[in-house]
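Presented below is the structure to which this report refers.
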2 protein chains.
Amino acid sequence: MDNRSKILSCALQLFAARGYDAVGVQEIAEAAGITKPTLYHYFGSKYGLLQSLLQEQFTELQNVLLKVTVYHGDLPLTLTRVTQALFDYAATHRRFYRMQLSMWFAPPDSESLKAISEVNGDQQQILEQLFIQAAQDHGNMRGRHRAYATTFLGMINTYIGLALNNHLALDDELVYKAVHQFMYGIFS
Amino acid sequence: MDNRSKILSCALQLFAARGYDAVGVQEIAEAAGITKPTLYHYFGSKYGLLQSLLQEQFTELQNVLLKVTVYHGDLPLTLTRVTQALFDYAATHRRFYRMQLSMWFAPPDSESLKAISEVNGDQQQILEQLFIQAAQDHGNMRGRHRAYATTFLGMINTYIGLALNNHLALDDELVYKAVHQFMYGIFS
DNA sequence: CAATGAGTATACCGAGTGGTATACTGTCCT
DNA sequence: AGGACAGTATACCACTCGGTATACTCATTG
């Protein structure tokens, strides 16, 4: 593994465990077995490191999401696939998802929130597109795609958050429950 | 307002906006119009300040919660009251709830999470008691009180989080929806 | 009056912060 | 061979961090 990858990997581990603000550049460098100028050579700044980290992981997540967000008239089916994909991604990228989640709920003026907002818009838009398509079949959904996408993602992220702390398991039963809870919320 | 209260108030504002780690003791002191030794006189350390802040606000929240968590055989009714109470509390203590929420999702080894965990257990237990009582009337709920309390609080907190970012409104309709979504989750 | 003790400020501490100027390597390309 | 350039390390910068030693003020109390 080259130094750049080593830095990214160690930074992810440290940020996920203690948070962006609480981890120093020096510490990351030591963990990666390099020195600070090397880190600054690749990423320019601590914040740039965070951006690169988020960027690279998020494009992967978005590709997964794009593959699974195809709508063919059966919204529960698509939502089930999306939920499964997100659960699966969270389970196989626990560290990253943990970091991403804590940043999602970070204070409004924190650098963490700023960083993740820059990157997160696409994910939201993919989901919004899905709900816009579905609204063509279900009139009462029209005009609420933004709210639906946010709520859906919020619910999923909550479940993942609970699962990461071992309060529940991300099994098929939970997928089923989550989707039906959400659908129930739409048609009531 | 005495200096102690001024410090607490300013610390809350700053922590809620930028996070515990990103705010320095010096900055809190300046915002409160005092100097560091005064702060250390009252709270001993930066972490002690955070603990006091959480402690005082949480006892207030717990009192609200205790008043409203009375079970008389109608679980949806009680949950509606609890949800309303939490929504109301969040709406009237936006800054504090914002801080509390970001700490709830803070990285596992962060001081923020440690601090809130020390204080949060009681809240969880109040809800668990409710579900234990309800399980006497609904056999299929038995033994899951812990999961129910966690999931319920998680759901409520997600809605509040979305509301704090103006993605939705904490109105009676949402209370109804949330409670029914949750009840649906139990009996399916 | 003298003594106590809470509350506050000045001035300081060592350690660590994010970030960089400089110089040295090695590997390409001409 | 020689220049360019990515990559890396040593040593440093000014600044901020959480925390404190000391001394002062002032109200309470013996």
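Proteins get letters first, then strands, A, B, ... in listed order; numbering begins at 1 in each.
Relative to the side chain of A/V25, the nucleotides D/dT8, C/dG18, C/dA9 differ in distance, and C/dG18 lies closest. Counting only heavy atoms from C-beta on, A/N3 has its side chain closest to D/dG7 among D/dG19, C/dG7, D/dG7. The nucleotide whose nearest atom lies closest to any side-chain atom of B/Y40 is, among C/dG19, C/dA9, D/dG19, D/dG19. Here C/dA21 is the nucleotide among C/dA21, D/dA21, C/dG18 with the atom lying nearest to any side-chain atom of A/P37.
Atom NZ of B/K46 and atom P of D/dG19 are 8 Å apart (whole Å). A/I7 has its CD1 atom 14 Å from the P atom of C/dG18, to the nearest Å. Atom CD in B/Q26 sits about 11 Å away from atom P in C/dT10, given to the nearest Å. Rounded to whole Å, the distance from CG on A/D2 to P on D/dG7 is 9 Å. Rounded to a whole Å, the CD atom of B/E27 is 14 Å from the C1' atom of D/dG18. What separates CZ of B/F43 from C1' of D/dG19 is a distance of 16 Å, to the nearest Å. The CG atom of B/D21 sits 12 Å away from the P atom of C/dT17 (whole-angstrom rounding). Look at NZ on B/K36: it is 15 Å from C1' on D/dT22, rounded to the nearest Å.
Using a 4.0 Å cut-off, some side-chain N or O of A/Y42 falls inside it from OP1 or OP2 of D/dT8. Checking the phosphate oxygens (OP1, OP2) of D/dT8, no side-chain nitrogen or oxygen of A/H41 falls inside 4.0 Å. The phosphate of C/dA9 (OP1 or OP2) has a side-chain N or O of B/T38 nearer than 4.0 angstrom.
Between A/G73 and A/D137, the shortest heavy-atom distance links the atoms CA-OD2, 3.7 Å. Contact between B/I28 and B/C10 at its shortest, heavy atoms only, is O-CB, 4.5 Å.
In this structure, A/K114 is positioned above the aromatic face of A/Y47, its NZ or CZ under 6.0 Å from the six-membered ring centre and within 45° of the axis. At least one cation-pi condition fails for B/K177 and B/Y159: the charged atom is not both under 6.0 angstrom from the six-membered ring centre and inside a 45 degree cone around its axis.
Here A/T150 contributes atom OG1 and B/L168 contributes atom CG; the two are 8.0 Å apart, rounded to the nearest 0.5 Å.
Between A/G44 and A/A22, the residue anchored closer to the 5' end of DNA chain C is A/A22, taking for each the nucleotide with the nearest heavy atom.
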